[in-house]
Protein chains: 2
Amino acid sequence: MSRRTTTQSAPTLATVAEEAGVSRQTVSNALNSPDLLRPDTLARVQEAIDRLGYSPNRAARNLRTRASHLVGLRVDPAVEDSANSLMDRFVHALVDSTRTTGYHVLLFTADDQEDPVDGYDELLRSAAVDAFVVTDTYRGTPHSAFLAERGVPFVAFGRPWGDTTASHPWVDVDGRAGVMLAVDHLVGRGHRRVAWVGWQKNALIGEDRRSGWVDRMHEHGLSTTQLSARGEDTLEFGARAAKALLDADQAPTAFVCVSDTVAMGVLRTLHERGLRPGQDVAVVGFDDSIAAQVHTPALTSVRQPLEQVAVELVGFLGDLLAHRPIPEPGKVLTPTLSVRATS
Amino acid sequence: MSRRTTTQSAPTLATVAEEAGVSRQTVSNALNSPDLLRPDTLARVQEAIDRLGYSPNRAARNLRTRASHLVGLRVDPAVEDSANSLMDRFVHALVDSTRTTGYHVLLFTADDQEDPVDGYDELLRSAAVDAFVVTDTYRGTPHSAFLAERGVPFVAFGRPWGDTTASHPWVDVDGRAGVMLAVDHLVGRGHRRVAWVGWQKNALIGEDRRSGWVDRMHEHGLSTTQLSARGEDTLEFGARAAKALLDADQAPTAFVCVSDTVAMGVLRTLHERGLRPGQDVAVVGFDDSIAAQVHTPALTSVRQPLEQVAVELVGFLGDLLAHRPIPEPGKVLTPTLSVRATS
DNA sequence: GGGCATCATTTGATCGTTCCAGAGGGAGAC
DNA sequence: GTCTCCCTCTGGAACGATCAAATGATGCCC
């Protein structure tokens with residue numbers, strides 16, 4: 001057994017090399033390209049590594065390889081609504097997917113919340129992260145253009161709506177198809193007057209989801225006139241919209257909502273009017289938030305496959321950082337419908 | 001204007017030094033101890049930095065200073081319940097608090113979810129993080145003993161319940177006081193038979209909260225017999241417990257619950273029985289989750305000051321990493337009561 | 001047995017920063 | 001004038017890993 005020159009500090013490559021009786025580079029190869037070593041040497045090095053409890057120093061590795069093996073994710077302040085809870089589920093899924101790839105997720109916030117690109121530059125220039133995951137599932141992804149322009153490597157959760165020139169990898173969920181599932185489900189249960197409660201026209205995601213409602217209703221031979229409301233993503237708007245729709249000539253018997261938050265508003269109105277969700281009137285939300293699941297009665301909702309989104313994004317990240325060509329940089333996943341008591 | 005030797009790659013200290021006509025070390029000092037420089041030199045260096053858009057390379061700095069300026073936070077897989085949503089609010093608060101300190105939050109998951117200390121070792125040995133924030137707000141903090149034993153620097157959200165020898169910094173929320181707020185509130189509204197729906201006895205946090213109920217009820221001269229139920233943290237348990245309590249001889253007129261999840265179960269039972277929350281029977285939850293806020297009727301709930309918890313923890317982190325003495329390593333914060341429609 | 005390709009391993013340089021010791025220059029004291 | 005001190009700044013070394021190229025060992029063929 002050879003003596004360790006260092007007594008207190010953590011073992012380094014050199015320590016391991018001495019212990020195993022090989023050179024530094026051989027230890028490095030044992031870690032990074034084990035197939036270069038003769039099996040018996042590899043075993044000897046491995047043993048030394050285990051004995052010393054060695055882990056390569058990340059800072060040194062990062063410096064030499066010019067890579068940090070970190071991906072940045074900007075989390076904006078805790079607005080407590082279902083949008084954020086969706087985001088949180090996504091963060092978990094992302095951390096889970098990166099686990100096996102050797103990457104880690106670094107969270108950051110902008111100093112100036114209004115600036116969509118604040119915070120990215122500094123992290124990239126200082127080589128703190130290799131790339132970013134950008135998410136803006138509600139407004140589209142306005143960051144994208146800026147980041148692409150500056151040559152920042154990133155993958156996006158959310159498609160580049162207007163921008164046909166975008167060439168960054170992205171993954172998105174087919175909101176339109178999700179709403180179609182909801183409409184089919186409701187029509188299958190005998191509903192013919194199915195209302196839409198959505199966002200303002202400038203929200204491209206909202207319009208995409210709405211188009212699922214419009215088209216599917218027409219495919220079923222049903223009318224959509226007088227059955228649509230638009231507003232912000234708040235519980236209050238949902239409540240207001242439901243009131244207005246219920247007061248109209250031909251009140252709807254079902255509501256498809258652009259988000260769970262809005263759906264909760266609809267439920268509140270039904271409650272106030274003594275209408276029983278799932279019996280008198282059906283309601284379907286979007287996002288399958290915790291709030292939807294624990295509500296009484298539990299809310300039927302469109303569920304985004306966030307776990308799969310994360311896996312695909314991490315796959316793209318790997319390609320991007322290895323400079324592998326990405327033939328088809330966009331991927332659209334299909335959501336499912338979690339049927340519960342309100343429909 | 002001096003010529004840049006490097007054309008493509010990012011500017012380094014040497015680039016800036018050349019540009020400003022000083023040595024590398026002077027640029028380094030301009031960043032780390034500006035008071036060492038003569039004002040005009042400092043200005044010249046600053047100008048060069050701005051002109052070149054220089055940011056110090058973190059890997060190199062980390063290597064030399066043996067510090068990564070990252071704190072690790074283990075997030076376990078997305079169990080979709082209110083406990084997790086609490087955790088998410090905390091993550092946001094933590095990222096926000098670290099923002100001004102130059103620290104960033106690195107998320108990781110364990111390979112083996114059952115092992116409470118898996119994942120920590122490797123990150124620390126590889127110098128990927130300087131310290132950890134550990135959270136286990138439901139079961140107490142079993143990690144603490146292990147981590148402390150191995151000399152891992154960390155701060156905890158949650159007090160070291162049994163362990164009086166623990167010397168790591170921690171911050172916790174006074175659950176007992178929170179429940180007392182709830183009891184006072186309900187008694188003030190005329191309730192005399194206030195039930196407790198809580199966790200099993202081995203959950204120390206649950207017992208702490210419960211003690212608030214027991215003691216406060218007695219202080220008000222009210223009985224607690226036949227008014228307590230214990231079980232897991234699920235909606236189903238809450239529903240079952242409420243049924244049993246309502247079927248007893250002297251049915252309670254109010255429920256104080258150990259969590260929002262459990263409270264949602266109670267609300268479900270009330271709904272099934274046609275009892276109106278807030279009118280016939282009062283309900284108070286714990287955590288002030290989104291689900292509580294958007295429920296109809298909205299749930300009164302005890303709110304933990306997570307933002308403040310995060311600030312205190314980051315303060316402790318700073319002390320810990322600067323090796324400043326920490327005279328009083330524990331801090332207990334007081335929650336508030338968010339009064340809503342169910343009480 | 002010499003020549004030559006192949007495999008396994010080593011050696012020296014390098015990434016970009018901070019630490020450390022010391023150099024230069026001006027002010028003040030004698 | 002020169003000695004000392006202090007302030008400002010500089011140059012070399014080091015952090016711990018990987019890259020690129022050189023070296024030694026091995027086998028094969030004629």
Side-chain angles (χ1 to χ4, degrees), chain A residues 4-6 8-46 48-49 52-69 102 122 124-128 130, chain B residues 4-6 8-46 48-49 52-69 102 122 124-128 130:
Chain A
R4 302 246 312 266
T5 46
T6 52
Q8 281 289 8
S9 60
T12 72
L13 256 194
T15 325
V16 176
E18 196 190 349
E19 177 84 7
V22 295
S23 72
R24 297 191 317 277
Q25 185 59 45
T26 302
V27 179
S28 177
N29 286 337
L31 293 165
N32 301 317
S33 345
D35 50 314
L36 288 181
L37 300 203
R38 223 169 42 205
D40 61 319
T41 328
L42 180 59
R44 198 148 38 93
V45 174
Q46 274 297 356
I49 288 175
L52 296 173
Y54 166 75
S55 295
N57 181 301
R58 279 204 162 68
R61 171 178 287 182
N62 294 350
L63 174 58
R64 187 64 244 232
T65 62
R66 299 165 170 286
S68 65
H69 295 274
E122 207 282 327
L124 189 72
R125 278 202 317 241
S126 67
D130 294 342
Chain B
R4 303 243 316 260
T5 46
T6 52
Q8 282 287 9
S9 60
T12 72
L13 258 193
T15 325
V16 177
E18 196 190 349
E19 177 84 7
V22 294
S23 72
R24 297 191 316 279
Q25 186 59 44
T26 301
V27 179
S28 176
N29 286 336
L31 293 165
N32 301 317
S33 348
D35 50 313
L36 288 180
L37 301 203
R38 225 169 38 206
D40 61 319
T41 324
L42 180 59
R44 198 148 38 93
V45 174
Q46 274 297 357
I49 289 175
L52 296 172
Y54 165 76
S55 295
N57 181 300
R58 277 198 159 78
R61 170 177 287 182
N62 294 350
L63 174 58
R64 187 66 243 225
T65 61
R66 301 167 171 285
S68 66
H69 294 276
E122 207 281 327
L124 189 71
R125 278 202 316 239
S126 66
D130 294 342

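Every chain is numbered from 1, with letters handed out A, B, ... down the list of sequences. No experiment lies behind these values; they were computed from the predicted model shown. Excluded from the calculations below are hydrogen atoms, water molecules and symmetry mates; all remaining heavy atoms, backbone and side chain alike, are included.
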Legend entry - Residue mapping more 5' on DNA chain D - nearest nucleotide basis, B/R64 or A/P56: B/R64
Inset, instruction - Output yes when at least one side-chain N/O atom of A/S23 is less than 4.0 Å from OP1 or OP2 of C/dT11, else no. - result: no
Legend entry - Polar side-chain atom of B/S28 near backbone of B/R24 as donor-acceptor pair, under 3.5 Å: no
Inset, instruction - Please report the shortest heavy-atom distance between B/S126 and A/P56, naming the atom on each side. - result: CB-O, 3.3 Å
Legend entry - Euclidean distance, atom CG of residue B/N29 to atom P of C/dG16 [Å, nearest integer]: 20 Å
Inset, instruction - Report yes or no: is there a donor-acceptor pair, N or O only, under 3.5 Å between the side chain of B/R61 and the base of C/dT17? - result: no
Legend entry - Residue from A/V45, A/N29, A/L42 passing side-chain contact (heavy atoms from CB on, under 4.5 Å) with A/P34: A/L42
Inset, instruction - Select base, sugar-phosphate, or nothing to describe what A/T12 touches, counting heavy atoms under 4.0 Å on all strands. - result: sugar-phosphate
Legend entry - Under 4.0 angstrom between A/R38 side-chain N/O and C/dT9 OP1 or OP2: yes
Legend entry - Separation of C/dC15 C1' from B/L63 CG (nearest whole Å): 9 Å
Inset, instruction - Could you tell me whether A/R66 contacts a base, only the sugar-phosphate backbone, or nothing, with contacts defined as non-hydrogen atoms closer than 4.0 Å? - result: sugar-phosphate
Inset, instruction - Tell me what A/T65 touches on the nucleic acid: a base, only sugar-phosphate, or nothing, going by heavy atoms under 4.0 Å. - result: sugar-phosphate
Legend entry - Distance in angstrom units between B/Q25 CD and C/dC19 P, rounded: 8 Å
Inset, instruction - Specify the residue among B/D35 and A/R24 whose closest nucleotide of DNA chain D lies further upstream toward the 5′ end. - result: B/D35
Legend entry - Interatomic distance, B/L36 CG vs C/dA21 P [rounded to whole Å]: 16 Å
Legend entry - Results of side chain to side chain contact (heavy atoms under 4.5 Å, CB included) for B/R38 - residues two or more places apart only: B/D40, B/T41
Inset, instruction - State, to 0.1 Å, how close A/G21 and A/R44 come at their nearest heavy-atom pair, and which atoms those are. - result: O-NH1, 4.1 Å
Legend entry - Contact summary for B/A60 and A/L63, nearest pair of heavy atoms: CB-CD1, 3.8 Å
Legend entry - Atom-pair distance (CG on B/N57; C1' on C/dT18), nearest Å: 13 Å
Inset, instruction - May I ask you to say what A/N32 touches in the nucleic acid, namely base, sugar-phosphate or nothing, with a heavy-atom cut-off under 4.0 Å? - result: sugar-phosphate
Legend entry - Nucleotides bounding contact with chain A, strand DNA chain D, heavy-atom threshold 4.0 Å: D/dG16 to D/dA20
Legend entry - Over all atoms of both residues, closest heavy-atom pair of B/H69 and B/D130: N-OD2, 2.8 Å
